[in-house]
Amino acid sequence: PNSPERTAWLRQWVDPIRHIEENREVCNALDEAWERWIRDDDGRLIDGRESDDDGFKKFMLDNKDEVYELIRIANAYS
């Protein structure tokens with residue numbers, strides 16, 4: 001779930017999307033991206049990833065097409 005700090009950081013990253021707290025589909029897509037960042041393919045936590053904000057930022061930028069696709073899919077099913 002989104003902590004106030006994480007929501008503030010995400011709001012900066014997805015500046016064009018307003019009122020992120022009110023957009024459940026976007027929050028769900030970003031939560032999915034977060035889970036993909038902190039867990040390996042077997043669902044185990046990757047050591048140190050939960051506190052690596054710079055690494056998550058790079059992950060999001062490197063995978064922005066996939067993140068936007070997750071948001072598009074989430075909006076399509078809302």
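This chain uses plain numbering: 1 for the first residue, then up along the sequence.
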In chain order, what residues pass the side-chain contact (heavy atoms from CB on, under 4.5 Å) check against [X], with sequence neighbours excluded?
X   : result
N63 : F59, E66
D42 : D40, R44
D41 : none

| Taking every non-hydrogen atom, the tightest pair across I46 and W37 |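 Looking at all heavy atoms of both residues, the shortest contact is CD1-O, 4.1 Å.
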| message | Applying side-chain hydrogen bond (donor to acceptor under 3.5 Å, both in side chains), can you list everything that pairs with E50, at least two apart in sequence or on another chain? | response |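 Partners of E50 under the side-chain hydrogen bond (donor to acceptor under 3.5 Å, both in side chains) test: none.
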| Listed by chain and number, what are the salt bridge (charged side-chain N to carboxylate O under 4.0 Å, His left out) partners of R49, not counting sequence neighbours? |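 Testing R49 for salt bridge (charged side-chain N to carboxylate O under 4.0 Å, His left out), a comparison that skips the adjacent residues, returns none.
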| What residues form a salt bridge (charged side-chain N to carboxylate O under 4.0 Å, His left out) with D62, not counting sequence neighbours? | K58
